[in-house]
Amino acid sequence: MQAWQVHQLGEPSQVMQLQEVERPVPGEGQVLLKVRAANINFPDVLMCRGHYQVRPPLPFTPGVEICGETEDGRRVLANPALPHGGFAEYTVADAAALLPAPDTLDDAEAAALHIGYQTGWFGLHRRARLEAGETLLVHAAAGGVGSAAVQLGKAAGATVIGVVGGADKVAVARELGCDVVIDRRTQDVIAAVKEATGGRGADVIYDPVGGEAYTQSTKVVAFEGRIVVVGFASGSIPSPALNHALVKNYAILGLHWGLYGTKNPKLIQHCHEQLTELAARGAIKPLVSERVPLDGGAAAVQRVGDGVTTGRVVVVPSLENGAAA
């Protein structure tokens with residue numbers, strides 16, 4: 001089979017190599033899956049660079065989220081068992097963690113439903129306890145993680161403010177359902193949020209960016225507001241001033257979704273049921289901006305790493321080489 005392999009760490013476009021390799025052999029409790037679609041996540045980029053908390057042994061195949069097919073023909077969502085990631089024709093995954101792919105979503109959409117939407121659901125509902133009528137601020141609202149949070153916030157009855165970078169992403173954020181969109185490249189984010197909220201600020205802030213975005217969040221969070229720390233796509237990890245959290249009466253909430261797989265796996269199943277229901281009634285639908293063939297995988301992972309994509313970019317092995325949809 002063909003699979004992208006990383007033999008040394010660095011930028012994805014330089015270190016990912018498409019190679020002919022043996023199909024992985026499932027270990028105890030694992031199943032072999034044919035990859036129908038593999039969604040690109042920022043952790044795939046970090047893994048190539050050697051900056052992710054999980055460091056599989058070299059060589060490894062990146063790709064942490066797929067829609068796959070079991071040997072008996074079932075469509076499932078899975079997190080491949082590294083080092084056999086999803087940017088390949090076949091992968092392996094833990095049998096106990098497989099989730100049924102929603103019938104209302106195609107393979108690429110289903111592949112993009114898992115990590116980003118689970119993270120959004122846990123962040124907004126489990127950690128921040130978002131309520132209908134509250135104001136939600138989402139950083140990087142046109143990106144893969146942010147777009148999921150926007151849709152989930154709207155589905156929960158919140159007013160959603162999206163922060164994006166660039167006019168093209170403004171249009172995407174509006175289409176996703178943001179009530180207010182702020183272009184950080186041309187607008188003062190802090191002033192714009194205060195204007196949009198009548199000076200009150202946002203009740204919940206969803207931050208997958210870190211760096212300057214986190215600093216902005218502390219200045220526009222409402223009384224008894226909650227900042228959900230999801231990741232650091234900016235590459236800069238902020239150091240929160242806890243005296244500031246004290247005097248403004250807000251909470252800083254960390255979210256590492258992957259921990260629920262070992263700490264409380266039943267919650268992941270419950271979340272998937274909620275997401276499947278929301279997808280069935282059209283309240284959420286992953287924004288897939290690109291479907292690329294397997295041979296376009298490295299370039300696509302690099303684009304995600306460079307921050308120039310919107311929504312989700314998905315590798316679909318069955319697409320013909322050189323084609324994209």
Side-chain angles (χ1 to χ4, degrees), residues 116-117 119-234 238 240 244-245 248-253 255 278 283-287 307 309-312:
Y117 281 85
T119 300
W121 189 91
F122 274 89
L124 298 182
H125 294 293
R126 180 76 181 178
R127 303 293 283 133
R129 309 289 181 183
L130 179 68
E131 296 181 6
E134 289 192 313
T135 297
L136 167 67
L137 171 65
V138 179
H139 289 286
V145 173
S147 61
V150 168
Q151 292 184 355
L152 288 166
K154 291 301 295 179
T159 297
V160 180
I161 301 172
V163 178
V164 299
D168 55 335
K169 295 187 177 183
V170 168
V172 170
R174 287 205 178 106
E175 290 174 15
L176 286 166
C178 286
D179 298 283
V180 177
V181 183
I182 300 168
D183 185 348
R184 59 179 172 78
R185 293 183 182 173
T186 60
Q187 294 175 267
D188 182 324
V189 172
I190 296 168
V193 173
K194 288 183 176 179
E195 180 182 355
T197 60
R200 183 175 174 277
D203 300 291
V204 175
I205 300 177
Y206 192 80
D207 180 15
V209 179
E212 185 183 3
Y214 178 83
T215 302
Q216 294 166 345
S217 299
T218 64
K219 295 180 179 178
V220 297
V221 63
F223 174 74
E224 291 194 329
R226 292 85 79 199
I227 300 174
V228 185
V229 179
V230 184
F232 312 105
S234 67
H244 192 258
K248 281 196 70 175
N249 227 57
Y250 63 85
I252 305 165
L253 304 170
L255 175 62
L278 288 169
I284 61 173
K285 185 181 179 72
L287 171 63
T309 60
T310 56
R312 289 299 192 181

Please list every donor-acceptor pair under 3.5 Å in which a side-chain atom of residues 141-168 meets a protein atom from a residue at least two apart or in another chain.
{"from": "Ser147", "atom 1": "OG", "to": "Gly143", "atom 2": "O", "distance (Å)": "2.7"}
{"from": "Ser147", "atom 1": "OG", "to": "Gly144", "atom 2": "O", "distance (Å)": "3.1"}
{"from": "Gln151", "atom 1": "OE1", "to": "Tyr117", "atom 2": "OH", "distance (Å)": "2.6"}
{"from": "Gln151", "atom 1": "OE1", "to": "Lys285", "atom 2": "N", "distance (Å)": "2.9"}
{"from": "Gln151", "atom 1": "NE2", "to": "Lys285", "atom 2": "O", "distance (Å)": "2.9"}
{"from": "Lys154", "atom 1": "NZ", "to": "Asp179", "atom 2": "OD1", "distance (Å)": "3.1"}
{"from": "Lys154", "atom 1": "NZ", "to": "Asp179", "atom 2": "OD2", "distance (Å)": "3.0"}

Please tabulate, one pair per line, all N/O donor-acceptor pairs under 3.5 Å involving side-chain atoms of residues 121-129, not counting sequence neighbours.
{"from": "Arg127", "atom 1": "NE", "to": "Gly254", "atom 2": "O", "distance (Å)": "3.0"}
{"from": "Arg127", "atom 1": "NH2", "to": "Gly254", "atom 2": "O", "distance (Å)": "3.2"}
{"from": "Arg129", "atom 1": "NE", "to": "Arg126", "atom 2": "O", "distance (Å)": "3.3"}

Run the side-chain contact (heavy atoms from CB on, under 4.5 Å) check on Val204 and Leu137 step by step: do they pass? CA-CA 6 Å; Val204 175; Leu137 171 65; over 6 Å; no

Is there a side-chain contact (heavy atoms from CB on, under 4.5 Å) between Ile227 and Tyr250 once you walk through the steps? CA-CA 8 Å; Ile227 300 174; Tyr250 63 85; 3.9 Å; yes

Show the numbers, then the answer: is there a side-chain contact (heavy atoms from CB on, under 4.5 Å) between Leu287 and Leu176? CA-CA 8 Å; Leu287 171 63; Leu176 286 166; 4.2 Å; yes

Before you tell me yes or no, could you show the steps for Tyr206 and Thr119 under side-chain contact (heavy atoms from CB on, under 4.5 Å), namely the whole-Å CA-CA distance, both residues' side-chain angles and the distance that decides it to 0.1 Å? CA-CA 11 Å; Tyr206 192 80; Thr119 300; 3.3 Å; yes

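Nearest heavy-atom pair across Arg174 and Val181 is CG-CG2, 3.6 Å. Of all the heavy atoms in Gly210 and Ser234, the pair that sits closest is C-OG, 3.6 Å. Taking each heavy atom of Pro240 and Tyr214 in turn, the nearest pair found is CB-OH, 3.4 Å. Of all the heavy atoms in Val189 and Gln216, the pair that sits closest is CG1-OE1, 3.7 Å.
Remark: the backbone N or O of Thr218 is paired with a side-chain donor or acceptor of Lys248 at under 3.5 angstrom. Listed for the Gln187 side chain is a donor-acceptor partner under 3.5 Å among the backbone atoms of Asp183. With hydrogens and angles disregarded, a donor-acceptor distance shorter than 3.5 Å links the side chain of Asp203 to the backbone of Thr135.
Rounded to the nearest 0.5 Å, atoms NE2 (His244) and CG (Asn249) are 12.0 Å apart. We find the CG-OG1 distance between Asp207 and Thr215 to be 9.5 Å, quoted to the nearest 0.5 Å. Rounding to the nearest 0.5 Å places CZ of Arg184 at 14.0 Å from CD1 of Ile190.
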